[in-house]
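Naming: A, B, ... by sequence-line order, numbering from 1 per chain. This one's a predicted model, so the numbers in the text were calculated from it and none came from an experiment.
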Amino acid sequence: MVSEFMLQQTPVARVLPVWSVWMERWPTPSALAADEPGEAVRAWGRLGYPRRAQRLHAAATVIVAEHGGQVPASLDALRALPGVGEYTAAAIASFGYGQRHLVLDTNVRRVLARIEDGCEFPPTHLTQGERDRRQVWVPDDPAQAAAWAVASMELGALVCTARTPACPSCPVRESCAWFAAGRPAHEGPPRRGQTYAGTDRQCRGVLLGVVRDAAGPVPEEAVLAAWTSDPAQATRALEGLLADGLLRKGAQATVTL
DNA sequence: CACTCGTGGAA
DNA sequence: TTTCCAAGAGT
């Protein structure tokens, strides 16, 4: 569950070291729940999207309060936990409990888009229709389904990659529609296009980083001073971080995690 | 459905 | 140097 949270939009290589330290410190949901949410945010380091740390801590609290400290096995119970969406719930139930679910992450979506649809990339947004069409790929036997979930994801992560897929060494290239079609390039508009420099997101990251890397409470003034290009934006970002509970007001105009 | 929310490494 | 993008979730 911890690794699934950390891997939401963050590469494996960057997650590994943080995950090791985290699991050493908080081996169980109750251990995490007993500590401060701010400590979870601090231990999150620079993995990005620190709200995931906050939600993981909140999920641990719910697990202790409602599930006896054990990560629930049912999809519905998992889905009800903060920070657990369709993918993460299916991943935990499948990888952790050997259940039969469609674990449809970005890797598997790409793999099946190529194999079945002959398209280089899946649509931008996941629809129920796509989900229905992929569901039939899941083996009937739960253990086989769980193994298939891991395998299809690994195939996408290591072989059938987004940029330069290793088709020559792909074990299923003979049954891949995209390969058979000569690997046609993606049609349509660019799939993404988000600038990051100068955004509120970057600003929030800078401000939170100041507090995260400090030993104790940081003067509000010092936090805002970390973003000089647009003071109004800094003020707005700080308010947002406080509203989100990622930062808290301390004594004497200071802020803490 | 569209938008927001971090970060850093590889192409 | 700029762009792309990595095991998504919540509003």
Could you measure between the two [atom1] atoms, the one in [N] and the one in [M], and give it in whole Å?
N: C:dA9; M: B:dC1; atom1: C1'; value: 15 Å
N: C:dA7; M: B:dA11; atom1: P; value: 15 Å
N: B:dG8; M: C:dT1; atom1: C1'; value: 15 Å
N: C:dC5; M: B:dC5; atom1: C1'; value: 15 Å

By nearest nucleotide on DNA chain B, pick out whichever of A:Thr127 and A:Asp200 is the more 5' one.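 Comparing both residues, the 5'-ward one is A:Thr127.
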Whichever of A:His125 and A:Arg52 has its nearest DNA chain B nucleotide further upstream toward 5':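 Whichever sits nearer the 5' end wins; that is A:His125.
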Candidate nucleotides [options], ranked by approach to the side chain of [X] - the nearest:
X: A:Asn107; options: C:dA7, B:dT7, B:dC5; value: C:dA7
X: A:Arg46; options: B:dT7, B:dG6, C:dA6; value: B:dT7
X: A:Glu4; options: B:dC5, C:dC5, C:dA7; value: C:dA7
X: A:Thr10; options: C:dG8, B:dG6, B:dT7; value: B:dG6
X: A:Tyr87; options: C:dA7, B:dA11, B:dG8; value: C:dA7
X: A:Tyr49; options: C:dA7, B:dT4, C:dG8; value: C:dG8
X: A:Gln8; options: B:dT7, C:dA6, C:dG8; value: C:dG8

Heavy atoms under 4.0 Å, any strand shown: does [X] hit a base, just sugar-phosphate, or nothing?
X: A:Arg110; answer: sugar-phosphate
X: A:Arg204; answer: sugar-phosphate
X: A:Thr88; answer: sugar-phosphate
X: A:Val108; answer: nothing
X: A:Leu47; answer: base
X: A:Gly48; answer: base

Starting from C1' on C:dG8, measure out to CH2 on A:Trp44 and report it in whole angstrom.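 After rounding, the reported distance stands at 11 Å.
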For A:Leu102 and C:dA7, give me the distance from atom CG to atom C1', rounded to whole Å.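 After rounding, the reported distance stands at 14 Å.
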Ring of A:Tyr49, cation from A:Arg201 - is the NZ or CZ under 6.0 Å from the centre and inside 45° of the axis?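 No, A:Arg201 does not sit over the ring of A:Tyr49.
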Using a heavy-atom distance cut-off of less than 4.0 Å, which residues of residues 134-154 of chain A contact DNA chain C?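 Contacts with DNA chain C under 4.0 Å: A:Met153, A:Glu154.
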A:Arg79/A:Glu86 ion pair, N-O < 4.0 Å: yes
Taking only Lys NZ, Arg NE, NH1 and NH2, and the carboxylate oxygens of Asp or Glu, determine whether A:Asp140 and A:Arg100 approach each other closer than 4.0 Å. yes
Under 3.5 Å, which donor-acceptor pairs link side chains of residues 225-232 of chain A to any protein atom two or more places apart or in another chain?
| from | atom 1 | to | atom 2 | distance (Å) |
| --- | --- | --- | --- | --- |
| A:Trp227 | NE1 | A:Ser229 | OG | 3.4 |
| A:Trp227 | NE1 | A:Gln233 | OE1 | 2.9 |
| A:Asp230 | OD1 | A:Ala232 | N | 3.2 |
| A:Asp230 | OD1 | A:Gln233 | N | 3.2 |

Side-chain heavy-atom pair A:Leu112, A:Asp117 within 4.5 angstrom cut-off: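 A side-chain contact under 4.5 Å is absent here.
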Are any of the side-chain heavy atoms of A:Pro82 and A:Val62 separated by less than 4.5 Å? yes
Which one of A:Leu247, A:Leu242, A:Leu238, A:Thr254 satisfies the side-chain contact (heavy atoms from CB on, under 4.5 Å) criterion with A:Glu220? A:Leu238
Donor/acceptor link under 3.5 angstrom from A:Thr106 side chain onto base of C:dG8: no
Would you say the base of B:dT7 and the side-chain of A:Arg201 have a donor-acceptor pair closer than 3.5 Å? no
Contacts table for residues 26-33 of chain A: side-chain donor-acceptor under 3.5 angstrom, sequence neighbours left out:
| from | atom 1 | to | atom 2 | distance (Å) |
| --- | --- | --- | --- | --- |
| A:Trp26 | NE1 | A:Asp35 | OD2 | 3.1 |
| A:Thr28 | OG1 | A:Ser30 | OG | 3.1 |
| A:Thr28 | OG1 | A:Ala31 | N | 3.1 |

Distance check: side-chain N/O of A:Gln9 vs OP1/OP2 of C:dA6, anything under 4.0 Å?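 No, outside the criterion.
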